[in-house]
Amino acid sequence: MGEIRVFIFLVFLFGFGFQSNAQNRYAVYLKYKPQTEYTLSNPQAYLSSKAIQRRQKEKLAIDSLDLPVSEKYLDLLRKSSNYILYNSKWLNASILVADATQINAIKSFPFVEKVVYVAPGYYQPPGARILPESEVRDPSKAEHPKWKNRESSMTSNAYDFQNQLIGIDKMHQEGFTGKGITIAVFDAGFPGVNTASPFSYLITNQKIIAQKNTVKPWQKEVFTDHPHGTNVLSLIGANEPAKLVSGAFDSEYVLVITEDVYTEYWIEELNWVRGAEFADSLGVDIINSSVGYIDFDDPSMTYQAKDLDGKTTIIAKGAKTASDKGILVVNSVGNYGSSGATSLVSPADVKEVLAIGSVTQQLSVSGFSSRGPTGDGRIKPDLAAFGNSPVLILSNGATATSSGTSFSAPQVAAMAAGLWSAKPEWTRAELMENLLRSASQFDKPDNQLGYGIPDFFKAYYGEILSVENGEEVGWKVFPNPMVEDQLSIYFGVGQKCNFTLIDSSGKVILESELERPNVQSPYTLNLPWIRPGFYLIQLQEGSLVRHSKILKR
């Protein structure tokens with residue numbers, strides 16, 4: 001009997017898709033973009049000054065992608081459909097609600113390139129010319145299976161580990177907290193952000209500068225729906241020392257709902273692209289996206305491994321465009337583990353997107369973390385951070401832990417914001433290169449962790465500096481993590497150097513001079529007395545200085 005009720009409900013929910021008057025969502029792609037109001041010579045009419053400045057820094061010209069969809073065509077589409085949800089200037093498309101008869105008429109318009117079915121039904125906006133019986137709404141508010149098992153558990157754990165792992169603590173000691181950087185967060189909702197105390201710093205200091213809901217475009221506030229976005233935002237911008245201090249609490253934020261947790265269709269990729277256009281127009285520097293796509297409720301929409309080439313999916317095209325506009329896109333790599341030839345989600349497959357995997361507390365790949373390669377054989381993910389139960393904030397302001405690459409990605413986004421505020425002259429490509437170069441396995445990347453765990457200190461100070469006489473033999477610290485007591489270090493061009501050991505609180509606990517028999521040998525020292533935890537080591541030989549973070553297990 002229960003099965004019959006479920007079947008009847010599904011027929012009610014989706015059966016209208018087979019009726020002649022069913023109203024579904026479509027993307028109408030246009031051939032042209034004629035303009036009467038906007039020109040490339042006056043970008044101030046459709047881009048913020050910050051967006052224009054970013055293009056100037058990146059040496060990018062204003063182009064036709066920046067121009068809005070032609071109002072001339074939109075007038076005709078409004079008259080020929082029930083409702084226009086939004087328009088995409090990058091795709092030159094209109095996403096609208098229409099029935100089969102209307103769609104057949106729209107396909108005949110000479111300015112229409114193609115029409116693509118992207119989702120059944122719709123959410124009914126106030127005052128829309130849509131028949132109520134076509135509304136697709138789950139009265140029980142049952143979440144899509146993709147969003148199951150996302151409950152967070154209460155915790156009293158410290159957040160030091162996750163911050164120290166990628167150098168957030170050192171970044172803050174250097175005085176960099178993301179100031180001057182604007183971050184867009186794309187997710188499923190942000191309830192509690194406007195009321196929970198760990199976000200009060202953002203609210204009081206007016207750090208949330210814009211909001212957008214692309215799932216329900218008529219809703220003006222995003223402090224609603226699924227709390228996943230709240231959890232994610234907390235790992236970038238929370239600032240309450242007793243609970244969680246994240247990396248970039250001094251950044252400004254644009255919060256965008258792009259994910260519908262009740263269904264999974266192509267329209268969510270279009271929502272993402274629309275969000276990216278909005279973020280770009282406001283001059284956003286970084287997009288953190290803890291969503292991604294590969295399989296859908298409609299099997300005909302599901303992607304194959306070959307499609308994850310960074311060019312094929314709708315969202316990949318949008319993420320590539322955002323990157324080309326100078327935005328650093330940081331995306332979770334997915335939670336499909338090691339299943340199949342590849343288990344990535346898109347847009348993590350895009351070359352210019354920083355795809356973030358997850359590591360455990362033992363610094364090995366998390367079992368759930370998706371793996372590469374991409375459909376065209378490139379290494380993914382790019383970087384990794386702690387995603388096995390990091391401390392985060394719930395919508396009621398309490399601390400909790402939860403696992404997933406959704407929660408490792410925002411930590412890297414926060415670090416990137418602090419690093420970019422420290423190095424504002426860097427382009428998006430330069431920032432990305434330095435993040436990769438700082439990572440723990442840059443010399444030997446793989447499809448589990450990519451280039452490894454990034455390190456703020458190494459990214460900020462780089463591979464310092466020049467040596468006037470001789471040639472440095474290389475820089476290598478091993479084993480790291482330290483399981484035993486001995487540490488070996490390749491460094492410099494001489495046979496002596498000064499060594500400093502600093503604990504996680506910033507206290508110098510050892511200073512000594514190291515010697516070695518020749519420059520081909522590493523410096524070695526025994527540290528049996530240090531306790532398990534993170535440490536910073538510094539070696540200096542004349543003007544040459546290098547730093548590294550080590551973990552003693």
Side-chain angles (χ1 to χ4, degrees), residues 149-172 178 183 185 187-188 190 192-193 196 198-199 226-249 288-292 330-335 337 354-370 381 383-418 439-440 449-450 452-456 481 504 533-534 549 551:
N149 301 318
R150 297 221 177 185
E151 293 291 327
S152 302
S153 57
M154 301 303 292
T155 182
S156 58
N157 293 348
Y159 52 85
D160 294 349
F161 179 83
Q162 64 205 52
N163 279 354
Q164 291 171 0
L165 184 63
I166 59 175
I168 296 295
D169 55 331
K170 298 298 185 292
M171 186 173 84
H172 287 177
I183 304 172
V185 182
D187 220 288
F190 303 89
V193 168
F199 300 105
H226 200 283
H228 186 262
T230 304
N231 308 151
V232 167
L233 176 63
S234 74
L235 288 159
I236 312 175
N239 184 19
E240 187 172 343
K243 293 182 177 179
L244 175 63
V245 176
S246 295
F249 55 79
N288 180 86
S289 167
S290 286
V291 298
V330 181
N331 210 97
S332 52
V333 74
N335 298 323
L354 270 182
I356 311 301
S358 169
V359 295
T360 67
Q361 197 157 10
Q362 291 71 43
L363 308 186
S364 59
V365 62
S366 301
F368 56 77
S369 189
S370 288
L383 298 170
F386 182 54
N388 263 85
S389 300
V391 175
L392 46 74
I393 301 298
L394 301 177
S395 56
N396 63 4
T399 57
T401 63
S402 191
S403 295
T405 59
S406 287
F407 306 126
S408 53
Q411 297 175 56
V412 176
M415 175 196 161
S440 58
L449 298 179
I453 303 167
D455 184 300
F456 167 79
S504 59
F534 281 99
K549 182 169 53 193
L551 172 64

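Quick note: residue numbers are just sequence positions, from 1. Values below: all heavy atoms of this structure, side chains included; hydrogens, waters and symmetry mates excluded. As the structure is a computational prediction, the values presented were derived from the model and not from experiment.
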Q.
side chain to side chain donor-acceptor pair (under 3.5 Å), that's the test. Do Thr360 and Asn388 meet it? Break it down for me.
A. CA-CA 5 Å; Thr360 67; Asn388 263 85; 5.5 Å; no
(Q) Looking only at the aromatic ring of each residue, does the gap between the centers of Phe456 and His172 stay below 6.0 angstrom? (A) no
To the nearest 0.5 Å, how far apart are [atom1] in [X] and [atom2] in [Y]?
| X | Y | atom1 | atom2 | result |
| --- | --- | --- | --- | --- |
| Glu240 | Phe199 | CD | CZ | 10.0 Å |
| Leu392 | Thr399 | CG | OG1 | 8.5 Å |
| Ser406 | Asn335 | OG | CG | 5.5 Å |
| Phe386 | Ser366 | CZ | OG | 8.0 Å |

Q: For side chain to side chain donor-acceptor pair (under 3.5 Å), just list the numbers for Ser290 and Asp187, CA-CA rounded to whole Å, side-chain angles, deciding distance to a tenth of an Å, and then say yes or no.
A: CA-CA 6 Å; Ser290 286; Asp187 220 288; 4.6 Å; no
Q | Val232 to Asn288 - nearest heavy-atom pair and separation | A | CG1-ND2, 3.4 Å
Q: Determine the minimum heavy-atom distance between Ala384 and Pro454, stating which atoms define it.
A: O-CD, 3.2 Å
Q: Report yes if some heavy atom in the side chain of Met415 is under 4.5 Å from a heavy atom in the side chain of Leu165; otherwise report no.
A: no
**Q.** Flag side-chain contact, heavy atom, 4.5 Å: Val185 against Phe190
**A.**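 They are in contact (side-chain heavy atoms under 4.5 Å apart), so the answer is yes.
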Q) Residues two or more places apart in sequence or in another chain: which of them pass side-chain contact (heavy atoms from CB on, under 4.5 Å) with Ala417? A) Ile181, Ile183, Ala248, Ser251, Ile286
Q. Who passes ring pair (Phe, Tyr, Trp, His ring centres under 6.0 Å) against Phe368, sequence neighbours left out?
A. none
